[in-house]
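All figures in this text were calculated on a predicted structure; none of them were measured in a lab. What's counted below: heavy atoms across the whole structure, side chains too, no hydrogens, waters or symmetry copies. Throughout, a chain's letter reflects where its sequence line sits, starting with A, and its residues are numbered from 1.
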There are 2 protein chains.
Amino acid sequence: MNQFTSPAQPLKRIAESTVRRLSIYLRFLEEFEGRGRATVSSDELARRGGTTSAQVRKDLSVFGSFGKRGLGYSVPELATSLREILGLGREWKVVIIGAGKIGAALAQYHGFRERGFVIVAAYDTNPEKIGGTLEGIAIRDMQSFESDVTRENPDIAVLTIPMHSAQEVLDRVARAGIKAVLNFAPAQLHAPMDMAVKTVNMAMELEGLTFALTNAH
Amino acid sequence: MNQFTSPAQPLKRIAESTVRRLSIYLRFLEEFEGRGRATVSSDELARRGGTTSAQVRKDLSVFGSFGKRGLGYSVPELATSLREILGLGREWKVVIIGAGKIGAALAQYHGFRERGFVIVAAYDTNPEKIGGTLEGIAIRDMQSFESDVTRENPDIAVLTIPMHSAQEVLDRVARAGIKAVLNFAPAQLHAPMDMAVKTVNMAMELEGLTFALTNAH
DNA sequence: GCTAGCTTGTGAATCAATTCACAAGCCCTG
DNA sequence: CAGGGCTTGTGAATTGATTCACAAGCTAGC
Ligand SMILES: NC(=O)c1ccc[n+]([C@@H]2O[C@H](COP(=O)([O-])OP(=O)(O)OC[C@H]3O[C@@H](n4cnc5c(N)ncnc54)[C@H](O)[C@@H]3O)[C@@H](O)[C@H]2O)c1
Ligand SMILES: NC(=O)c1ccc[n+]([C@@H]2O[C@H](COP(=O)([O-])OP(=O)(O)OC[C@H]3O[C@@H](n4cnc5c(N)ncnc54)[C@H](O)[C@@H]3O)[C@@H](O)[C@H]2O)c1
């Protein structure tokens with residue numbers, strides 16, 4: 001039994017929570033890889049990840065059978081399998097739309113490149129910003145967006161624009177053929193079904209905290 | 001039936017997903033408030049929020065009975081109730097720990113202050129940063145953290161420090177008595193049970209996107 | 001003040017995720 | 001090469017979240 005017993009196409013819809021946990025497991029595995037550790041048990045992954053060993057095994061079992069009974073999982077093999085499952089075996093081209101404060105912070109962030117995300121360009125509508133650079137990344141005119149996308153085929157668009165233009169820009173991104181969006185505007189976006197959209201809403205996270213503080217007994 | 005029928009203390013543990021949706025509903029209600037709209041139905045909130053009317057009513061029913069049969073919900077009353085439930089009826093003092101790129105972007109962000117989050121200080125360990133300011137917010141030495149907290153009693157700490165020091169700093173924040181943390185380091189943190197911790201992990205969100213792109217059929 | 005037309009609030013039913021529990025399999029020791 | 005000690009993989013059971021479906025209640029119109 002090894003990773004090749006995994007079905008080519010997952011049989012049923014995979015829960016988002018499962019994918020999130022795979023991401024977490026991969027992080028620990030990479031830590032272990034760095035230390036040259038050979039194997040790890042579901043129990044140890046669970047303790048670190050704040051879940052249960054049964055959960056770890058169930059999560060993995062959706063994609064195949066990766067462990068050895070009595071021994072656990074081979075750290076490098078499982079890491080490789082998870083990277084493959086998560087689509088991290090390749091580079092992904094990212095464009096940032098909105099060269100403002102948070103767009104700039106993201107453009108400068110090296111953690112993305114380390115995981116295979118290459119920021120190919122930033123876009124803005126502000127003439128004062130267009131033509132400049134963001135940590136070496138050119139800020140382009142939003143007017144050239146469609147033709148650039150046709151030529152360069154970026155995989156992911158990061159939206160760091162004001163809330164009120166987010167839906168409009170998302171529609172434009174969708175029409176241009178980009179199928180994945182990471183959105184930082186605090187807006188509830190509606191996207192075509194064949195598109196993956198994740199929203200990072202910091203105000204909402206803070207409200208989760210104030211709710212907890214207010215309702216703590 | 002109005003908001004005062006709501007139980008003083010919720011009867012059972014509230015699902016995180018419920019709280020997230022309340023946040024979303026509140027956003028739409030504030031939009032409606034701005035336009036002077038008087039009432040809204042669960043069905044309309046649902047359509048905007050990408051859920052179902054039954055879900056909206058269930059979410060609200062956990063906290064009480066806010067609507068009028070045949071009419072819907074009073075926009076200002078429901079907004080007030082939700083703000084109260086989410087703990088947004090007051091100001092919250094926030095400290096930013098780690099005056100780096102993302103800490104700076106957050107310090108500059110006005111969306112927080114608009115919702116009642118007041119950033120009282122930033123902290124760093126880098127002598128070159130200490131004593132400077134971040135958009136008018138003083139960058140203080142981490143050494144004075146404990147005594148400052150005792151004096152100023154901030155409610156929430158935002159962690160924008162490198163991954164490898166995140167757990168250590170979280171422990172320090174916990175010992176200082178702060179009960180809520182918004183963490184931007186891509187680390188799985190372990191906190192005391194009486195503490196609320198939310199982690200915004202952008203790499204994980206991106207991996208959710210690459211998973212979707214890779215496994216799209 | 002009665003009726004028609006909506007919309008809420010909520011048990012019951014369904015659907016989804018997590019946990020339990022254990023047979024099956026692997027390694028190591030003697 | 002047999003037995004003990006672990007740990008996986010997975011059906012079954014449980015727990016949790018969402019959806020269904022409808023009685024109850026409110027408003028407006030007449
Ligand atoms: N700064 C933060 O820390 C922070 C935190 C949470 C959320 N956000 C959200 O992120 C978004 C951006 O915030 P920011 O602080 O970077 O704002 P910002 O004003 O600094 O940047 C926005 C940029 O988008 C550009 N822009 C506007 N409309 C555009 C369009 N249609 N196409 C392309 N570019 C366009 C503007 O010219 C500007 O450069 C906002 O929705 C904000 O609510 C920011
Ligand atoms: N920049 C981004 O867009 C981005 C995106 C996603 C995640 N993150 C995460 O956010 C965190 C910060 O990223 P950044 O890009 O702002 O890094 P940065 O290096 O610009 O800033 C980190 C700051 O923290 C300070 N610091 C280090 N140890 C400290 C300690 N023990 N106590 C107090 N301050 C300390 C450093 O002096 C520095 O000023 C990292 O964990 C990173 O992975 C950043």
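Note on S42(B): only backbone sugar-phosphate atoms sit closer than 4.0 angstrom, heavy atoms only; bases stay farther off.
Which of dA17(C), dT19(C), dT10(D) sits closest to the side chain of S17(A) comes down to dA17(C). The side chain of R69(A) sits closest to dG25(C) out of dG25(C), dT10(D), dT8(C). For A54(B), whose side chain is taken as the heavy atoms from C-beta onward, the closest listed nucleotide among dA17(C), dC20(D), dC20(C) is dC20(D). When distances run from any side-chain atom of T51(A) to the nucleotides dT19(C), dC26(D), dT8(D), the shortest one goes to dT19(C).
Distance F63(B) CZ to dT10(C) C1': 16 Å, rounded to the nearest Å. The distance between atom CG of L78(B) and atom C1' of dT7(C), rounded to the nearest whole Å, is 14 Å. If you measure from atom CZ of R13(B) to atom C1' of dA17(D), you get 11 Å, rounded to the nearest angstrom. Distance, D59(B) CG to dT18(D) P: 7 Å, rounded to whole Å. Between R20(A) atom CZ and dA17(C) atom C1' the separation is 16 Å, expressed in whole Å. Nucleotide dC20(C) holds its P atom 13 Å from the CG atom of D43(A), rounded to whole Å. Straight-line distance from the CG atom of L45(B) to the P atom of dT7(C): 13 Å, rounded to whole Å. Between the CZ atom of R21(A) and the P atom of dA16(C) there is a distance of 16 Å, rounded to whole Å.
In terms of phosphate contacts, Y73(B) brings a side-chain nitrogen or oxygen within less than 4.0 Å of OP1 or OP2 of dG9(C). Taking side-chain N and O atoms only, Q55(A) has a distance below 4.0 Å to OP1 or OP2 of dT19(C). Distances shown here put every side-chain N or O of R57(B) at or beyond 4.0 Å from the OP1 or OP2 atom of dT18(D). Side-chain nitrogen and oxygen atoms of S61(A) include none within less than 4.0 Å of the OP1 or OP2 phosphate oxygen of dG9(D). Phosphate proximity of dT19(D) to T52(B): present, with a side-chain N or O under 4.0 Å from OP1 or OP2.
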* Stepwise salt bridge (Lys or Arg N to Asp or Glu O under 4.0 Å) check, D59(A) with R21(A) -> CA-CA 8 Å; D59(A) 286 339; R21(A) 283 190 300 265; 2.6 Å; yes
* Could you go step by step and tell me if F28(B) and Y25(B) meet the ring-ring contact (aromatic ring centres under 6.0 Å, His included) rule? -> CA-CA 5 Å; F28(B) 297 133; Y25(B) 306 150; 7.7 Å; no
* E207(B) vs R83(A), side-chain contact (heavy atoms from CB on, under 4.5 Å): CA-CA, chis, key distance, verdict -> CA-CA 9 Å; E207(B) 285 169 23; R83(A) 272 190 286 262; over 6 Å; no
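Between S41(B) and L71(A), the one whose closest nucleotide on DNA chain C sits nearer the 5' end is S41(B).
Under the 4.5 Å side-chain criterion, counting only non-hydrogen atoms from C-beta, L60(B) is in contact with Y73(B). Considering only heavy atoms from C-beta on, R37(B) comes within 4.5 Å of V40(B) through its side chain. Using a 4.5 Å heavy-atom threshold, the side chains of K198(B) and N183(B) count as separate.
Between I178(A) and V95(A) the shortest heavy-atom distance is CD1-CG2, 4.4 Å. Contact detail for L134(A) and G103(A): the closest heavy-atom pair is CD2-O, 3.9 Å.
Within a 6.0 Å sphere centred on CD of E16(A), other residues, nucleotides and ligands contribute 12 heavy atoms or fewer.
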Could you pull out the protein-nucleic contacts involving nucleotides 11-14 of chain D (nitrogen or oxygen on both sides, under 3.5 Å)?
| from | atom 1 | to | atom 2 | distance (Å) |
| --- | --- | --- | --- | --- |
| dG11(D) | N7 | K58(A) | NZ | 3.4 |
| dG11(D) | O6 | K58(A) | NZ | 3.2 |

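Contacts between residues 188-201 of chain A and DNA chain D, counted as heavy-atom distances below 4.0 Å, involve no residue at all.
Checking Q167(B) against D171(B) by side-chain atom types alone, a donor-acceptor pair falls below 3.5 Å.
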